[in-house]
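This report refers to the structure that appears directly beneath it.
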Amino acid sequence: MDFQKVIAFATRRGLFQPAFGAYGGLAGFLDYGPVGVKLRRRILEVWRRHYVIDAGCLELDGALIGPEVLFKASGHLGEFDDPLVNCDDCGKQFRADHLIEDGEEMARDKLANALSRTACPNCGAGLSEMTAFNLMFSTKVGAGKGLQGYLRPETAQSIFLAFPWLLRQNRGKLPFAVGQIGRSFRNEISARQGPLRMREFTAMEVEHFFLPDNEPQLSDDLSKVTITLLNSAGKEITCSVGEAHSDGTVNSSLVACHLARAQLFFTDIGVPKNKLRFRQHGSNEMAHYSSDCWDGEIDTSLGWVEVVGVAHRGDYDLSAHGNASSKEFRVAVPGTGKETEIWVPDIGKLGKEFKSDAKIILEAIKDIELQPGILVEVNGDKVELTSEYMSQKTERRSEMVYANVVEPAFGLDRILYCLLESSWKSDGEREWISLPQETSPYDLLVAPLMTKDNLDIKAHEIMKAATKINIDAYYDEAGSIGRRYARADEIGIFYSMTIDHQTLEDGTVTLRERDSKDQNRLSIDDALNKVRR
RNA sequence: GCAGGCGUGGUCUAGUCUGGUAUGACUAGGGGUUUCCAACCCCUCAACCUGGGUUCAAAUCCCGGCGCCUGCACCA
């Protein structure tokens, strides 16, 4: 199925459509409809099982709007801020910092200055004033002048800011991981290709924190996972994750863990193995925070589409917030607690002796290691502080470090698109979506063979029984039975149950499996138990 | 953002050059008939992206906007 077909299909069968269509549409925004919402929820359920239940991630649902200081600290205000210039003559637009040598390193006023001496690379005419384009949506918080705020461009910052709190929830122990499902916003210059490049999108992200010298190792289970890797040198290999880690293809053991987990997640939701690969970023496409990054990609009619990024972010974010905010974002390294004898000033004695100058002395020794005999300058004079003005105290201190983090970040909208493409089947007679039951939008079609002889009444009864045990079922009595099967197949309903005359006699129904079209006659209870997940 | 192409019921589409009641199919809904893989018959709902201009008259010609596609640029 190609892109145009997916879009038409999604509109026709209620998966998604462009948002705000009545007013001409707005690029980069989608509405998800009845079937789309179910499909999304199913994908998220599998994701939660993998990451929250199996991997034990703590969950967070952070605020969507953040204050300006946050994005200054995270680097998004600097790095998401693309300087643009237009040519006065031919109208072409350029990234200003790409026109000047080392422009990406330059301060903005220097860059503007350098640009004034630069000609349009296309036609040689002069360039316009530099304008900044920020990929973040900006907004005002509160009334009046308001506080400058931005819609978050990634869910991750919510987790980093909550790190000290979450660490306490984990009773202070590292490593631990936090998972979050939520929307993020980026004002893309050119939002195209529907679900693949959205201005408002849903991400599933994990931040896996660990002590720098104590990176989580690959488990036996994860190291056995087979995976296809394309390294930054362009070499493609298919091997076990364990091998890829031990031969150095994937340097970090935790990145390797998350590549394996991502592989398991994607194959579970129904992405064929041969359409899945992980590609290492070259150093020039790496994000501002990242030291090693692998993109999980799915092969589609539009080429390889990035659906997850697994990035080693080091301590970039925690140290940024640690430095910019008043909070402690570091953790004590266990086992490094040492007792040290330190000297502390005797403020009472200092006050009695030096009166108002005591303040100056205390200020002077605030940030230095206190020792008897130390010389302090007070109003131009050197004053010696003897042990008489201080006392010795035993202090227990640990080494403080920033936790490191490995982040897998999944784009739900893209995954959904790729899944539609890759699970689309056609055999000349029918076209259908062949997803595993877990990610099928409905578990069951309930269909009376006809609406006569009380078959529909019986079917409604069974429908009720099914929903009572949490089966997500769809009822359809319109048209021929074949037509109903076809309708159900098209949106990937996994089982179809048909109620016929024999049902009234002996309480059995036929249960049809979507992909094979095979039918079995079972008792109603057996059939429902089989369908129940 | 630039260049080119395009925009007609839910979907696909004819009509646009050459201005004059908008074509057909599929889907969907109602009814009939049939009853296990999109059968058939009747009926019904439903569209010219938007704003301006030209004209007696605009889906059609012209201009702007919005949207979609392709390429360039951009893409933490």
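Chain letters run A, B, ... following the sequence lines, proteins first and then strands; every chain starts at 1. Owing to the predicted nature of the structure, the values given are computational and were not obtained by experimental measurement.
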### Query
Base, backbone or nothing for each nucleotide of nucleotides 31-41 of chain B, written B, S, -, heavy atoms under 4.0 angstrom, 5' to 3'?
---SBBBBS--
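- A search for salt bridge (charged side-chain N to carboxylate O under 4.0 Å, His left out) contacts involving A:Asp525 returns nothing, not counting sequence neighbours.
- A:Arg12 meets the salt bridge (charged side-chain N to carboxylate O under 4.0 Å, His left out) test with A:Glu490; sequence neighbours excluded.
- Here B:G71 sits opposite B:C2 as a Watson-Crick or G-U wobble pair (both hydrogen-bonding atom distances under 3.5 Å).
- Side-chain N/O atoms of A:Gln17 include none lying less than 4.0 angstrom from OP1 or OP2 on B:G10.
- Base-pair partner of B:U33: not found among the strands shown (Watson-Crick or G-U wobble, both distances under 3.5 Å).
- No cation-pi contact links A:Arg279 to A:Trp304, judged by a cut-off of 6.0 Å to the six-membered ring centre and 45° from its axis.
- A:Ala156 is linked by a side-chain contact (heavy atoms from CB on, under 4.5 Å) to A:Glu154, A:Phe160, A:Glu205, A:Glu207, A:Arg313, A:Glu407, counting only residues two or more places apart in sequence or in another chain.
- Within the shown strands, nothing qualifies as a pairing partner of B:U23 under the Watson-Crick or G-U definition with both distances less than 3.5 Å.
- Annotation: salt bridge (charged side-chain N to carboxylate O under 4.0 Å, His left out) contacts of A:Arg532 (sequence neighbours excluded): none.
- At a threshold of 4.0 angstrom between heavy atoms, the contacts of A:Phe9 with the nucleic acid are absent.
- Nearest-nucleotide positions on RNA chain B place A:Gly28 closer to the 5' end than the other of A:Gly28 and A:Glu188.
- Every residue was checked against the salt bridge (charged side-chain N to carboxylate O under 4.0 Å, His left out) condition with A:Lys327, not counting sequence neighbours, and none meets it.
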